[in-house]
Amino acid sequence: MATRLDSKLNQLQQELPEGLLVDAAWLEANGYSSALRSQYVSSGWLDSPARRVYRRSRGPMTWQQVVISLQTMLDLPLTVGGRTALEQQGYAHYLSANVRTVHLYGPTRPPTWLDDLPLDVTFAWHNSLRLFPTDADTPPLPSPTIYSAAGAQLPVRYSSKERAVLELLDELPKHESFHQVDALMEGLSDLSPRRLQTLLEACSSVKVKRLFLFFADRHRHAWRPKLDLARIDLGSGKRVLVKGGRLDPQYDITVPADLGGQ
């Protein structure tokens with residue numbers, strides 16, 4: 001029996017990189033019974049930071065480890081997007097100093113135990129199919145930081161900056177600031193017009209598309225003339241986004257009066 005337990009423990013050490021998390025369902029599917037899990041926890045071989053959640057470490061936990069666990073160990077179609085993706089790709093100085101909310105995008109909700117983890121950040125899930133019904137974009141981007149475990153190089157999967165800025169614009173005006181987004185857009189001089197074209201054609205939000213083009217025109221980036229607006233559905237009618245704001249006649253949206261013209 002001891003030999004079998006040692007073999008299972010060795011197997012777990014190979015299958016579960018140190019620091020990453022799995023849930024009870026993953027362990028059960030891989031042959032680790034409830035009794036075995038309890039024994040591993042009581043012996044200190046596994047830590048249980050939340051009910052029915054396990055990790056092979058007692059060291060500090062990071063939100064990146066949690067996200068990598070969701071994306072790789074549990075194989076969930078979740079991507080770090082919006083504000084968080086932009087912060088992690090070098091644009092934090094336009095948005096905020098510290099990550100307090102990690103924005104996750106995907107077609108299905110992440111597990112509820114995320115809220116029970118002992119972290120100083122919260123996770124916010126956004127249904128990616130609402131903004132991109134056909135789930136448009138390119139393959140996952142390289143991670144700014146790579147988590148190394150047991151010889152494996154595990155990147156966090158982020159939205160491209162082109163997609164992330166559209167996801168961020170979706171949060172206007174309730175959850176994001178026009179003026180922070182304006183400063184961010186001024187710095188986005190290196191976006192890919194080809195990727196933008198694909199995303200703007202696939203995006204279902206008229207508000208997001210009009211806002212993006214408003215800011216693009218305002219900052220006159222070199223990639224802006226390369227976009228073919230004839231292929232982008234901008235809808236019809238006005239969109240009142242700011243009460244008491246000024247109406248932009250080009251895109252029929254109200255923006256803060258103090259934002260100024262192009």
A.B. asks: State which residues pass salt bridge (Lys or Arg N to Asp or Glu O under 4.0 Å) with Asp182; sequence neighbours excluded, sorted by chain then number.
C.D. replies: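 Asp182: salt bridge (Lys or Arg N to Asp or Glu O under 4.0 Å) contacts with Arg218.
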A.B. asks: Decide yes or no on side-chain contact (heavy atoms from CB on, under 4.5 Å) for Leu191 and His221, but give the supporting numbers first.
C.D. replies: CA-CA 9 Å; Leu191 298 185; His221 289 308; over 6 Å; no
A.B. asks: Set out, in order, the CA-CA distance, both residues' side-chain angles and the distance that settles side-chain contact (heavy atoms from CB on, under 4.5 Å) for Leu117 and Leu114, then state yes or no.
C.D. replies: CA-CA 6 Å; Leu117 296 175; Leu114 285 186; 4.1 Å; yes
A.B. asks: Can you check whether Tyr251 reaches Asp217 side chain to side chain, under 4.5 Å on heavy atoms?
C.D. replies: yes
A.B. asks: Indicate yes or no: does Arg37 engage Glu28 in a salt bridge with an N to O separation below 4.0 Å.
C.D. replies: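 Yes, Arg37 and Glu28 are salt-bridged.
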A.B. asks: Strictly distance-based, threshold 3.5 Å: is any side-chain N or O of Tyr32 a donor or acceptor partner for the main-chain N or O of Leu12?
C.D. replies: yes
A.B. asks: Donor-acceptor check, side chain of Thr79 to backbone of Ser159, threshold 3.5 angstrom: yes or no?
C.D. replies: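 Absent.
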A.B. asks: Using the rule that two of Ile, Leu, Val, Met, Phe, Trp, Tyr join whenever any of their side-chain heavy atoms come within less than 4.5 Å, decide whether Val208 and Leu129 are in one cluster.
C.D. replies: no
A.B. asks: Could I get the full list of side-chain hydrogen bond (donor to acceptor under 3.5 Å, both in side chains) partners for Asp75, not counting sequence neighbours?
C.D. replies: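 Residues passing side-chain hydrogen bond (donor to acceptor under 3.5 Å, both in side chains) with Asp75: none at all.
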A.B. asks: Could you state the interatomic distance from OG (Ser69) to CG (Leu78), rounded to the nearest 0.5 Å?
C.D. replies: 12.0 Å
A.B. asks: Using 0.5 Å steps for rounding, measure from the CD1 atom of Ile68 to the CG atom of Leu74.
C.D. replies: 12.5 Å
A.B. asks: First locate atom CZ of Phe214, then atom CG of Asp248, and finally report the distance between them rounded to the nearest 0.5 Å.
C.D. replies: 5.5 Å
A.B. asks: Restricting to salt bridge (Lys or Arg N to Asp or Glu O under 4.0 Å), what partner residues turn up for Arg239, sequence neighbours left out?
C.D. replies: none
A.B. asks: Apply side-chain contact (heavy atoms from CB on, under 4.5 Å) to Ser192 and list each qualifying residue two or more places apart in sequence or on a separate chain.
C.D. replies: Glu162, Arg194, Arg195
A.B. asks: Any side-chain to backbone donor/acceptor pair from Gln71 onto Arg157? Under 3.5 Å, distance only.
C.D. replies: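 Such a contact is found between Gln71 side chain and Arg157 backbone.
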A.B. asks: Apply the test side chain to side chain donor-acceptor pair (under 3.5 Å) to residues Gln88 and Arg83: give CA-CA distance (whole Å), side-chain angles for both, the deciding distance (0.1 Å), then the verdict.
C.D. replies: CA-CA 9 Å; Gln88 296 299 298; Arg83 167 183 278 267; over 6 Å; no
A.B. asks: Tell me if a side-chain donor or acceptor on Gln89 pairs with a main-chain N or O of Ala85 at a distance below 3.5 Å.
C.D. replies: yes
A.B. asks: Who are the salt bridge (Lys or Arg N to Asp or Glu O under 4.0 Å) partners of Glu171, not counting sequence neighbours?
C.D. replies: none
A.B. asks: We want to know whether Asp258 and His179 form a side-chain donor-acceptor pair, criterion being a heavy-atom distance below 3.5 angstrom.
C.D. replies: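 A pair is found: one side chain offers a donor N or O, the other an acceptor, under 3.5 Å apart.
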A.B. asks: Are Val121 and Val53 linked, directly or through intermediate hydrophobic residues, by side-chain heavy-atom contacts shorter than 4.5 Å (ILVMFWY only)?
C.D. replies: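 Linked within one cluster.
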A.B. asks: Sequence neighbours left out, what passes side-chain contact (heavy atoms from CB on, under 4.5 Å) with Asp252? Give chain and number order.
C.D. replies: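 side-chain contact (heavy atoms from CB on, under 4.5 Å) list for Asp252, sorted by chain: Arg210, Lys238, Leu247.
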A.B. asks: Could you list the residues that satisfy side-chain contact (heavy atoms from CB on, under 4.5 Å) with Thr122, not counting sequence neighbours?
C.D. replies: Thr101
A.B. asks: Taking Glu87 for the side chain and Ala92 for the main chain, is one N or O donor matched with an acceptor at less than 3.5 Å?
C.D. replies: no
A.B. asks: Return the CG to OG1 distance between Leu104 and Thr84, rounded to the nearest 0.5 Å.
C.D. replies: 7.5 Å
A.B. asks: Report whether Val240 and Val181 are members of the same hydrophobic cluster (ILVMFWY, side-chain heavy atoms less than 4.5 Å apart, transitive linking).
C.D. replies: no
A.B. asks: Take Leu211 and Leu241 through the test side-chain contact (heavy atoms from CB on, under 4.5 Å) and record every step on the way to the result.
C.D. replies: CA-CA 10 Å; Leu211 277 170; Leu241 304 180; 3.7 Å; yes
A.B. asks: Residues in side-chain hydrogen bond (donor to acceptor under 3.5 Å, both in side chains) with Arg52, at least two apart?
C.D. replies: none
A.B. asks: Is there a donor-acceptor pair under 3.5 Å between the side chain of Arg55 and the backbone N or O of Gly59?
C.D. replies: yes
A.B. asks: Drop me the distance from Ser177's OG to Leu172's CG, to the nearest 0.5 angstrom.
C.D. replies: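 Ser177 OG to Leu172 CG: 7.5 Å, rounded to 0.5 Å.
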A.B. asks: So does Tyr40 get a backbone contact from the side chain of Ser43, meaning a donor-acceptor N/O pair under 3.5 Å?
C.D. replies: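 Judged by distance alone, no pair lies under 3.5 Å.
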A.B. asks: For Phe212, which residues count as a ring pair (Phe, Tyr, Trp, His ring centres under 6.0 Å) partner, sequence neighbours excluded?
C.D. replies: Trp223
A.B. asks: Applying side-chain contact (heavy atoms from CB on, under 4.5 Å), name anything that partners Glu201, two or more places apart in sequence or on another chain.
C.D. replies: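 Result, side-chain contact (heavy atoms from CB on, under 4.5 Å) vs Glu201: Gln197, Arg231, Ile232.
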A.B. asks: Could you give me the CA-CA distance, side-chain angles and deciding distance for Arg56 and Trp45, then say whether side-chain contact (heavy atoms from CB on, under 4.5 Å) is met?
C.D. replies: CA-CA 6 Å; Arg56 198 169 60 79; Trp45 295 325; over 6 Å; no
A.B. asks: Side-chain heavy atoms nearer than 4.5 Å, only ILVMFWY residues, links allowed to pass through others: does that put Leu166 and Leu229 together?
C.D. replies: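 In one cluster with Leu166: Leu229, yes.
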A.B. asks: Applying salt bridge (Lys or Arg N to Asp or Glu O under 4.0 Å), name anything that partners Glu186, two or more places apart in sequence or on another chain.
C.D. replies: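 So Glu186 forms no salt bridge (Lys or Arg N to Asp or Glu O under 4.0 Å) with any residue.
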A.B. asks: For the NZ atom of Lys161 and the CG atom of Leu184, what is their distance to the nearest 0.5 Å?
C.D. replies: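 Here the rounded value is 10.5 Å.
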A.B. asks: Could you list all the ring-ring contact (aromatic ring centres under 6.0 Å, His included) pairs where at least one residue sits in residues 112-131, not counting sequence neighbours?
C.D. replies: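 Residue pairs passing ring-ring contact (aromatic ring centres under 6.0 Å, His included), neighbours aside: His103-His126, Tyr105-His126.
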